[in-house]
Structure formats: structure tokens, C-alpha cells
Amino acid sequence: GDCPICCLPLPIDAKTSPLTACCSKIICNGCNYANQIREVKGKLQPKCPFCRHQLPKSQEEAAQIRMKRVEVNDPVAIGRLGRRLYNEGDYKSAFHHYKKAAALGNA
């Protein structure tokens, strides 16, 4: 896919591009870096480069936000949950989530 901000193609390796917990957008490292520079120079609070929501303060808060996205059938969040479950060795649940994400349009 493409970065939703600059429209440049994203790397094939999805692990190298950050996924925002708030809106489940995968952005390129360049846009993420540009946003971080803008925040540092302007002494601004960290916000999502896409939707400008406040970033989670902890991994636990980010996990809660991601699960809310899964509960509302966000296909990207469901696909990422499937990847996490696969990496943890829960292949049956991972397959279920991959299948659901694909049915919702995340191929």
C-alpha cells in the first residue's frame, strides 16, 4: 500500500512502518520522522501524524486502543492482531483473525 500522508509506496516489510493505534493507519518512516521533528521544534505534545490524536502514554494504553479498533471491525487492526498471535505461536487464532481481516478488505 501507500502512505496515507505522502502517497509514496510503503516498504514491503510492514514491520518497518509504524502503525498508529488511534486510527490504524500505517505511515512511512519519512512522514513519521517529519512529524517528530515538527513536534520537537514546536515543543508540541506527541500526536498521531495522520489524525492528530494524542499518542498513548504506555504500551498498555496502546494495546487497549488497538483492541477497541479490533472490536469495531477495523480490518488493519484485526490483521495486525493476527500477526501478533501468529508470532506468539497461536496459529489457529491468527488464522481466524487473518481470515476476518481479509473478509473486511485487508488483503
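For this chain, numbers begin at 1 and follow the sequence in order. Keep in mind the model is a prediction, meaning the values are calculated, not measured.
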query = Where do I78 and N106 land on the side-chain contact (heavy atoms from CB on, under 4.5 Å) test, with the steps shown first?
reply = CA-CA 9 Å; I78 293 169; N106 184 27; over 6 Å; no
task = Report the C-alpha separation of L8 and C28 in whole Å, then their side-chain angles, then the decisive distance to 0.1 Å, and conclude whether the side-chain contact (heavy atoms from CB on, under 4.5 Å) test is met.
result = CA-CA 8 Å; L8 291 175; C28 70; 5.7 Å; no
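Expressed to the nearest 0.5 Å, how far CZ of F50 lies from CD1 of I5 amounts to 7.0 Å. Atom CG in L104 sits 5.5 Å away from atom CG in N73 (nearest 0.5 Å). Atom-to-atom distance recorded for I12:CD1 and S17:OG is 11.0 Å, nearest 0.5 angstrom.
Around the CG atom of L44, the shell of radius 6.0 Å holds more than 12 heavy atoms that belong to other residues, nucleotides or ligands.
Closest heavy-atom contact between Q59 and R66: O-NH2, 4.4 Å. Closest heavy-atom contact between G82 and A94: O-CB, 3.3 Å. Nearest heavy atoms, A21 versus A62: CB-O, 4.0 Å. Taking each heavy atom of Q54 and K57 in turn, the nearest pair found is NE2-NZ, 4.0 Å. Taking all atoms of both residues into account, the shortest heavy-atom contact from C3 to C31 is SG-SG, 3.7 Å. D90 and S93 get closest at one heavy-atom pair: OD2-OG, 3.0 Å.
Judged as a salt bridge (charged side-chain N to carboxylate O under 4.0 Å, His left out), and not counting sequence neighbours, the contacts of E88 are R84. Here S24 pairs with D74 under the side-chain hydrogen bond (donor to acceptor under 3.5 Å, both in side chains) rule; sequence neighbours left out. R80 is linked by a side chain to side chain contact (heavy atoms under 4.5 Å, CB included) to A14, L19, I26, R83, counting only residues two or more places apart in sequence or in another chain. Residues that satisfy the ring pair (Phe, Tyr, Trp, His ring centres under 6.0 Å) test with Y91, not counting sequence neighbours, are Y86. Residues forming a side chain to side chain contact (heavy atoms under 4.5 Å, CB included) with D2 (at least two apart in sequence, or on another chain): P9.
By the 4.5 Å heavy-atom criterion applied to side chains, P4 and I27 are counted as neighbours.
Here the side chain of N35 pairs a donor or acceptor atom with the backbone of K47 at under 3.5 angstrom.
The stretch residues 21-48 participates, sequence neighbours left out, in no ring-ring contact (aromatic ring centres under 6.0 Å, His included) pair at all.
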